[in-house]
Amino acid sequence: MSVLDLRQPAPCPAFAETFRALGAACPLITVEPGRPAVGMLHASRMAEDPDVLAEMLAAERARIGATLAAEPRADAIAMWALHGYAWYACLMLTGPWFLCRRVPLVALDEVWIAPGPERVGRSFTVTSNTFACLPDDPDANAPGARVVADEAALRALLRDRVAEHVEPLLVAFRPHLRRGERVLWSMVADEVVSGVWYLGRTLGEGDRAVRELGELLPGDVGRFKREAGFRVLAGTEGRSHCNRTQSVCCLWYTLDSAALCSTCPRASDARQVAILEGRG
């Protein structure tokens with residue numbers, strides 16, 4: 001069991017500003033440094049307390065059951081529950097890297113989650129106050145800043161921090177997911193790519209997101225064995241589409257076989273193009 005230490009480190013305005021910039025770019029996520037409010041869930045409890053994880057899975061089952069008549073599979077419930085945290089947690093770390101070349105140094109046991117039944121959007125409080133940055137960062141000398149040598153070093157640190165953050169959750173969720181370790185790490189890569197790609201497209205910088213994700217996940221680096229995997233698909237009427245296929249299926253097809261997403265590994269290239277063009 002982790003030891004909870006809610007004493008605050010020296011304030012770092014640059015750290016807070018980094019997350020304000022992320023929230024402005026992506027209103028789906030809110031991250032506030034500081035002391036957690038009463039009633040917030042300590043994120044590490046999902047990994048450490050089986051009862052908390054069981055409650056989380058039960059809540060996900062109820063959420064799905066309230067909107068769909070089909071009975072979801074147990075592994076699908078676990079997949080969606082894990083995704084409901086991991087997508088936002090990965091974006092909390094990768095979004096500032098994409099926006100301003102800063103990597104928040106936030107461990108799982110430094111994150112608190114706001115309560116609420118909502119599925120879209122996450123509000124976090126973090127009891128960390130440090131970030132990694134490049135030598136030319138305007139706040140490189142600020143309290144809490146840790147300078148790394150160059151872009152490659154920052155990318156390596158980001159991969160390590162994402163891996164350290166999610167690994168306890170993968171261990172806890174794995175019995176419920178019926179997936180091997182390599183598949184689960186491929187799923188984490190999907191979360192990383194999806195979040196940054198979404199952020200890039202939201203800002204009108206999709207091409208940059210694709211390029212930089214290719215540098216972040218070139219294939220077989222640390223825990224991440226698969227590259228970002230973008231490719232160009234030929235569409236109709238001379239159109240082309242930048243797309244990728246997820247490494248791991250989200251299992252939504254188990255509830256609705258017709259509702260495939262444009263990156264679904266169960267969809268052929270032709271089906272992906274049809275989905276992207278609104279035909280299918």
TODO: Can you label the angle between the H42 ring and the W112 ring as parallel, tilted or perpendicular, going by 30° and 60°?
DONE: parallel
Open item on the list: Which label fits F224 and W185: parallel for a plane angle under 30°, tilted from 30 to 60°, or perpendicular past 60°?
Closed with: perpendicular
Identify all side-chain donor-acceptor contacts of residues 19-34 below 3.5 Å with residues at least two apart in sequence or on another chain.
from, atom 1, to, atom 2, distance (Å)
R20, NE, E17, OE1, 3.0
R20, NH2, E17, OE1, 3.2

[atom1]-[atom2] distance between [X] and [Y], expressed to the nearest 0.5 angstrom:
X    : Y    : atom1 : atom2 : value
R174 : R179 : CZ    : CZ    : 11.5 Å
D75  : T254 : CG    : OG1   : 7.0 Å
H176 : M79  : NE2   : CE    : 13.0 Å
R231 : C242 : CZ    : SG    : 9.5 Å
Q246 : S194 : CD    : OG    : 6.5 Å
E55  : R45  : CD    : CZ    : 7.5 Å

Does [X] use its side chain to pair, donor to acceptor, with the backbone of [Y] at less than 3.5 Å?
X    : Y    : value
S128 : L105 : yes
R226 : D220 : no
R61  : L57  : no
D150 : A153 : yes
R239 : T236 : yes
E167 : E164 : no
D269 : L233 : no

Distance-minimising heavy-atom pair for [X] and [Y]:
X    : Y    : value
S247 : S186 : CB-CB, 3.6 Å
C90  : V188 : SG-CG1, 4.4 Å
P218 : R159 : CD-NH1, 4.5 Å
G200 : A209 : CA-CB, 4.0 Å
I64  : P72  : CG2-CG, 3.9 Å
T18  : P96  : CG2-CB, 3.4 Å

- [ ] Please check if any side-chain donor atom of R244 sits under 3.5 Å from a side-chain acceptor atom of T263, or the reverse.
- [x] no
TODO: Taking atom types as modelled, find out whether N243 and Q272 have a side-chain donor-acceptor pair closer than 3.5 angstrom.
DONE: yes
Can you get from [X] to [Y] by hopping between Ile, Leu, Val, Met, Phe, Trp and Tyr side chains that sit under 4.5 Å apart?
X    : Y    : answer
V171 : L177 : no
L203 : Y198 : yes
V183 : L169 : yes
V106 : M46  : yes
L276 : V210 : no

Crowding at [atom1], [X] (>12 non-hydrogen neighbours, <6.0 Å):
X    : atom1 : answer
R146 : CZ    : no
D160 : CG    : yes
N141 : CG    : no
R73  : CZ    : yes
R201 : CZ    : yes

- [ ] Start with the C-alpha distance between E205 and R211, add both sets of side-chain angles, then the distance that settles salt bridge (charged side-chain N to carboxylate O under 4.0 Å, His left out), and finish with yes or no.
- [x] CA-CA 10 Å; E205 298 185 58; R211 182 176 66 255; over 6 Å; no
- [ ] Test V273 against R279 for side-chain contact (heavy atoms from CB on, under 4.5 Å), laying out the working first.
- [x] CA-CA 8 Å; V273 168; R279 297 181 286 105; 3.7 Å; yes
Open item on the list: Suppose the criterion is ring-ring contact (aromatic ring centres under 6.0 Å, His included): which pairs have a residue in residues 130-153, not counting sequence neighbours?
Closed with: none
TODO: If a pair satisfies ring-ring contact (aromatic ring centres under 6.0 Å, His included) and one of its residues is in residues 230-261, list it, with sequence neighbours excluded.
DONE: W80-W252, W197-F230
Open item on the list: Is there a side-chain contact (heavy atoms from CB on, under 4.5 Å) between V192 and V162? Walk through the geometry before answering.
Closed with: CA-CA 9 Å; V192 168; V162 169; 4.0 Å; yes
Open item on the list: Between R102 and D137, is the salt bridge (charged side-chain N to carboxylate O under 4.0 Å, His left out) condition met? List the steps.
Closed with: CA-CA 9 Å; R102 292 179 178 175; D137 189 291; 2.8 Å; yes
Non-hydrogen side-chain atoms of [X] and [Y] separated by less than 4.5 Å:
X    : Y    : result
L216 : W97  : yes
V147 : C133 : yes
L91  : E191 : no

- [ ] Test E212 against R155 for salt bridge (charged side-chain N to carboxylate O under 4.0 Å, His left out), laying out the working first.
- [x] CA-CA 10 Å; E212 294 186 359; R155 289 193 296 268; over 6 Å; no
